[in-house]
Amino acid sequence: MAEYEIIPKATLDAIEESIQRKRGETAPISPSQMPLAIGTIPSSVDGTDAPVGGIYFTKPDGNGNPTECSIIGYAPKGNYTWTNQIGFSYFPYLEKVSFINCLKITSIGQNAFQNCSSLSTINLPDSITSIGQSAFQNCSSLSTINLPDSIVLIGTEAFHDCSSLTTINLPNSIVSISGNAFLGCFSLVSVTLESGFNCNNLNLSASTRYTAETIVSWLEALEDRTGQTAFKLTIGTTNLNKLTAEQKAIATNKNWTLA
């Protein structure tokens with residue numbers, strides 16, 4: 001089969017065929033077994049088991065492995081977390097994942113894209129408010145990710161060992177970032193903090209590739225916390241040594257601790 005399609009009427013059949021191909025098996029997979037293989041399929045608006053919209057796997061490589069996935073128009077009854085909904089572990093060659101008109105998806109859950117080592121491009125819906133633990137861990141080909149302004153929480157090791165990640169924006173909507181969120185992201189060079197950034201314990205010390213100008217831009221973006229509890233920004237000794245005393249004072253004068 002040159003192209004995988006998962007659409008409302010044929011959802012279970014297409015999922016079954018995809019899983020069979022990846023497992024090298026032909027044994028039928030009953031609907032009751034599907035959650036064990038692909039995670040929970042959200043209910044549609046009318047209460048049936050088939051989702052509204054669809055999931056499309058396309059652009060197979062030379063071995064027939066799909067390299068792109070488009071998730072289109074999911075609309076379950078309520079907001080839900082996207083956590084291995086389609087069993088990405090069975091599709092390790094995916095290079096691109098696109099969410100299209102998926103405004104009911106509010107969270108990228110724990111381990112959702114973990115070990116998708118070929119994933120280089122993903123767009124997140126504007127509805128996303130949180131990224132769960134290890135959601136993108138070991139996505140070693142991911143170089144850039146744009147976080148929507150709706151993001152509030154980033155969980156522990158969310159981007160752990162994203163060794164190719166060079167560029168990320170951190171909007172000022174974020175209120176909590178795990179200290180290990182960017183552990184092992186040693187290629188980071190272009191990190192943008194939105195003006196008014198006010199999140200405690202951001203740790204960007206995994207990389208030493210930032211310029212002094214980039215680091216100063218972070219300090220200038222920090223919210224002034226004078227008269228409030230001090231917050232901490234961790235950038236590591238090597239990066240601290242790139243700053244002058246006057247530059248460090250940009251943060252300390254706003255009641256931020258640099259580490």
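Along the sequence shown, residues are numbered consecutively beginning with 1.
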Side-chain contact, heavy-atom cut-off 4.5 Å: L170 with F182?
yes
Determine the minimum heavy-atom distance between A249 and T252, stating which atoms define it.
CA-OG1, 3.1 Å
Could you tell me whether a side-chain N or O of Y210 sits under 3.5 Å from a main-chain N or O of L204, the two making a donor and an acceptor?
yes
Result of checking L222, V191, L233 against L202 for side-chain contact (heavy atoms from CB on, under 4.5 Å):
L233
S140 meets the side chain to side chain donor-acceptor pair (under 3.5 Å) criterion, sequence neighbours left out, with none
When I168 is tested against each of T144, L147, N146 for side-chain contact (heavy atoms from CB on, under 4.5 Å), which residue passes?
L147
Residue pair G155 / A181: nearest heavy atoms and the distance that separates them:
O-CB, 3.8 Å
Side chains of N180 and S178 only: does a donor on one sit below 3.5 Å from an acceptor on the other?
no
For the CD1 atom of I215 and the CD atom of E220, what is their distance to the nearest 0.5 Å?
12.5 Å
If you define the side chain from C-beta out and look only at heavy atoms, does anything of I151 sit under 4.5 Å from I128?
yes
Evaluate the criterion side chain to side chain contact (heavy atoms under 4.5 Å, CB included) for residue pair V189 and S207; output intermediate values, then yes/no.
CA-CA 7 Å; V189 63; S207 174; 5.7 Å; no
Checking E223, R225, Q228 against N198 for side chain to side chain donor-acceptor pair (under 3.5 Å), the one that qualifies is R225
Using side chain to side chain contact (heavy atoms under 4.5 Å, CB included), reason through V175 and C199 one step at a time and then give a plain yes or no.
CA-CA 5 Å; V175 299; C199 178; 5.8 Å; no
Please confirm whether the backbone N or O of V152 pairs with a side-chain atom of S173, one donor and one acceptor, at under 3.5 Å?
no
Could you work out, with side chain to side chain donor-acceptor pair (under 3.5 Å) as the rule, every residue matching T237, not counting sequence neighbours?
none
For residues L188 and L165, determine if any side-chain heavy atom of one lies less than 4.5 Å from a side-chain heavy atom of the other.
yes
Could you check whether any side-chain N or O of S134 sits under 3.5 Å from a backbone N or O of Q137, counting only pairs where one atom can act as donor and the other as acceptor?
no
Is there side-chain contact between S141 and E95, with heavy atoms separated by less than 4.5 Å?
no
Using 30° and 60° as the class limits, which term best fits the ring planes of F113 and F99: parallel, tilted or perpendicular?
perpendicular
Using a 6.0 Å cut-off, check whether atom NZ of K254 has over 12 heavy atoms from anything other than its own residue.
yes
Hey, could you give me the CG/OG distance between L119 and S164, rounded to the nearest 0.5 Å?
11.0 Å
Hey, quick one: are L153 and I177 part of the same hydrophobic cluster, counting side-chain heavy atoms closer than 4.5 Å, chains of contacts allowed?
no
Which atom pair, heavy atoms only, marks the closest approach of A230 to T257?
CB-OG1, 4.3 Å
Could you measure the distance from the NZ atom of K232 to the CG atom of L258? Nearest 0.5 Å is fine.
11.0 Å
Check against side chain to side chain contact (heavy atoms under 4.5 Å, CB included), L243 and L219
CA-CA 11 Å; L243 302 178; L219 308 186; 4.1 Å; yes
Looking at N172 and S195, would you say the former's side chain and the latter's main chain have a donor-acceptor pair under 3.5 Å?
yes
Between T234 and N201, does a side chain to side chain contact (heavy atoms under 4.5 Å, CB included) hold up when you go through it step by step?
CA-CA 7 Å; T234 300; N201 292 323; 5.9 Å; no
Enter the distance from N111:CG to F136:CZ here, rounded to the nearest 0.5 Å.
12.0 Å
Spatial distance of atom OG1 (T166) from atom CD1 (I145) [nearest 0.5 Å]:
12.0 Å
Let me confirm one number: the SG-CD distance from C139 to Q114, rounded to the nearest 0.5 Å.
8.5 Å
Can you name the side chain to side chain donor-acceptor pair (under 3.5 Å) partners of N239, sequence neighbours left out?
K242
Would you say the side-chain atoms of S217 and T214 include a donor-acceptor pair closer than 3.5 Å?
no
Kindly write out the residues that satisfy side chain to side chain contact (heavy atoms under 4.5 Å, CB included) with A158, not counting sequence neighbours, or none if the list is empty.
I131, I154
Locate the shortest heavy-atom distance separating P171 from P148; write the atom from each residue and the value.
CG-O, 3.5 Å
Mind checking ring pair (Phe, Tyr, Trp, His ring centres under 6.0 Å) for F197 and listing every partner two or more places apart, or none if nothing turns up?
none
Looking at residues at least two apart in the chain, or sitting in another chain, which of them share a side chain to side chain donor-acceptor pair (under 3.5 Å) with S163?
none
